[in-house]
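Notes follow once the structure below has been shown.
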2 protein chains.
Amino acid sequence: MMMEAAPDTPATPRRSDATRAAILEAARERFAADGYERATIRAIARDAGIDPSMVMRYYGNKEGLFAAASEFDLRIPKVGALPAKHIGAVLVAHFLDRWEADEVLTALLRVGVTNAAGAERMRAVFTAQIGPIAAGVCPDPADAPRRAALAASQILGMALARYVLRLPPAAEMPREDVIAWLAPTVQRYLTAEHP
Amino acid sequence: MMMEAAPDTPATPRRSDATRAAILEAARERFAADGYERATIRAIARDAGIDPSMVMRYYGNKEGLFAAASEFDLRIPKVGALPAKHIGAVLVAHFLDRWEADEVLTALLRVGVTNAAGAERMRAVFTAQIGPIAAGVCPDPADAPRRAALAASQILGMALARYVLRLPPAAEMPREDVIAWLAPTVQRYLTAEHP
DNA sequence: CGTTGTTGCCAACAAGCGTTGACCAACAAG
DNA sequence: CTTGTTGGTCAACGCTTGTTGGCAACAACG
């Protein structure tokens with residue numbers, strides 16, 4: 001048999017958890033640096049210090065590996081706790097944090113541009129996580145999706161210029177300046193009365 | 001010999017010009033649709049109705065083909081002729097036009113995200129073409145690059161959401177609405193007195 | 001006519017890819 | 001000690017890729 005002593009424990013510690021984690025970390029790095037096609041399973045396995053066949057065993061195939069590596073939560077603070085007047089600054093600052101904390105968002109953006117599954121995940125993340133924010137603060141909840149998309153376009157555009165294309169002025173701009181410039185834009189997209 | 005009758009004519013018509021053009025057109029479509037890695041020379045040749053080896057003969061290698069296929073001009077109207085007060089709206093409208101006219105910009109964006117040469121070309125295009133505009137209208141010419149990068153971040157972000165990720169609210173938004181929302185942002189990035 | 005350069009197709013190459021299955025060492029349970 | 005499970009390596013498969021060189025048809029020009 002293969003049952004555990006406590007079937008109600010959701011965490012099932014396996015001896016190979018360290019390997020699994022190493023694979024995921026290496027995969028995130030490679031996907032973020034190279035995109036989907038050029039991030040090869042062989043290279044990821046080499047980075048993780050194991051054999052490529054282990055990746056297949058643990059994640060099924062390359063798509064499954066990407067799905068596992070790009071699973072994450074934006075962790076946007078809950079809607080009610082946000083000061084509606086400064087939601088632009090809060091959102092921009094939060095996204096800069098999330099973008100610089102790890103490489104998952106960069107990987108997601110790089111893959112989403114050339115891979116259908118990646119694009120779908122990107123859409124899902126942004127509509128599901130910025131949408132509610134917009135619905136909570138914009139005047140007419142009916143066009144919340146549209147306002148969320150506008151805010152996302154500015155946030156994604158800065159991420160693209162700063163972290164992916166590395167356009168020098170955008171990449172070198174201090175964090176505070178980015179917030180100072182972008183916050184009014186996002187604020188207007190989300191809360192302005194009239195287009 | 002292989003000389004023409006009129007050596008001063010820059011246009012050197014060859015019998016294979018039609019083939020060359022077909023290759024370039026197919027390449028632009030494939031690069032725009034699939035990105036650099038997944039756009040294979042074989043598929044491009046098939047679209048153009050010729051043998052893959054012809055692509056190599058005419059463009060050297062895959063990189064050369066991309067360089068030729070992504071060569072283009074933003075054709076931004078000359079700086080002096082622009083009304084500084086409405087430069088935001090003019091720029092946004094112009095970019096929407098350029099983006100929808102052909103597939104070159106989409107190809108450039110898709111490739112620039114995963115390919116070093118593509119990223120370099122994207123940087124070159126935007127710094128060289130939005131930079132002068134910013135220098136012509138912003139209060140302090142010293143931070144023109146920074147303002148150009150900010151404007152580029154919003155324009156690129158909308159293009160990403162609308163044409164590449166196809167985030168539904170952004171993709172379906174009427175052209176006039178996009179201009180109405182984005183123009184004030186770009187205008188502020190380029191001409192506002194203080195951050 | 002012959003020569004020469006161009007245009008094109010065909011067949012192949014070496015390399016790299018994702019993926020698979022056989023096999024082995026270590027360990028836990030009986 | 002035996003037996004089954006787990007973590008892992010190794011060698012190979014079938015396939016696609018970019019790229020190359022040879023060969024046939026055709027045009028241009030002496």
Side-chain angles (χ1 to χ4, degrees), chain A residues 1-7 11-27 30-31 33-69 111 114-118, chain B residues 1-7 9 11-27 30-31 33-70 111 114-118:
Chain A
M1 299 294 277
M2 56 168 185
M3 287 306 295
E4 308 292 312
T12 309
R14 274 162 304 203
R15 196 152 41 93
S16 62
D17 280 349
T19 303
R20 293 177 130 91
I23 293 176
L24 276 193
E25 187 187 332
R30 286 283 179 176
F31 282 132
D34 298 337
Y36 189 80
E37 335 283 337
R38 291 187 21 203
T40 71
I41 290 192
R42 287 169 145 96
I44 292 169
R46 201 179 320 125
D47 288 0
I50 46 104
D51 191 87
S53 63
M54 300 300 297
V55 179
M56 308 300 297
R57 176 129 74 196
Y58 290 147
Y59 297 99
N61 53 23
K62 194 176 179 180
E63 257 192 67
L65 173 62
F66 172 72
V111 173
T114 36
N115 181 272
Chain B
M1 297 294 277
M2 54 167 187
M3 289 306 294
E4 308 293 311
T9 347
T12 309
R14 275 161 304 201
R15 195 153 42 93
S16 62
D17 278 351
T19 303
R20 293 178 129 92
I23 294 176
L24 276 194
E25 188 188 329
R30 286 284 179 177
F31 281 133
D34 298 338
Y36 189 80
E37 333 284 337
R38 292 189 18 203
T40 71
I41 289 192
R42 287 169 145 96
I44 291 169
R46 200 179 321 123
D47 288 0
I50 47 106
D51 191 87
S53 62
M54 301 299 297
V55 179
M56 308 300 297
R57 185 177 294 172
Y58 290 147
Y59 297 100
N61 54 23
K62 193 175 179 181
E63 255 192 69
L65 173 63
F66 172 72
S70 65
V111 174
T114 35
N115 180 272

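Values below: all heavy atoms of this structure, side chains included; hydrogens, waters and symmetry mates excluded.
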Strictly below 4.0 Å: does Thr19(A) bring a side-chain N or O up to OP1 or OP2 of dG7(D)? no
So do Ile41(A) and Asn61(A) actually touch side chain to side chain, heavy atoms under 4.5 Å? no
Could you list by number each residue of residues 40-56 of chain B showing a heavy-atom separation from DNA chain D of less than 4.0 Å, or answer none if no residue does? Thr40(B), Ile41(B), Arg42(B), Ser53(B), Met56(B)
Once you round it to whole Å, what is the distance between C1' of dC17(C) and CZ of Arg38(A)? 14 Å
Of the candidates dT19(D), dG8(C), dG7(D), the side chain of Lys62(B) sits closest to dT19(D)
Salt bridge (Lys or Arg N to Asp or Glu O under 4.0 Å) with Asp47(B): which residues, sequence neighbours excluded? Arg30(B)
Rounded to whole angstrom units, what separation is found between the CZ atom of Arg14(B) and the P atom of dT7(C)? 7 Å
Taking the side chain as every heavy atom from C-beta outward, state whether Phe31(B) and Ser70(B) have any atom pair closer than 4.5 Å. no
Could you tell me how far apart Asn61(A) (CG) and dC17(C) (P) are, to the nearest whole angstrom? 17 Å
Roughly, in whole Å, what's the span from CD in Glu37(B) to C1' in dG16(C)? 13 Å
Send over the distance from Arg15(B) CZ to dC26(D) P, rounded to a whole Å. 11 Å
Atom pair distance, as rounded to whole Å: CZ in Arg57(A) and C1' in dC10(D): 13 Å
Closest approach of Lys62(B) to Tyr36(B) (non-hydrogen atoms, all atoms of both residues): NZ-O, 2.8 Å
If every non-hydrogen atom of Ala26(B) is compared with every non-hydrogen atom of Ala48(B), which pair is closest and at what distance? CB-N, 4.1 Å
Rounding to an integer number of Å, can you tell me how far Glu63(B) CD sits from dG18(D) C1'? 12 Å
What is the distance from OH of Tyr59(B) to C1' of dG18(D), rounded to the nearest Å? 17 Å
So what's dC9(C) paired with, Watson-Crick or G-U wobble, going by both distances under 3.5 Å? dG22(D)
Is there a donor-acceptor contact under 3.5 Å from the side chain of Thr40(B) to the main chain of Ala43(B)? yes
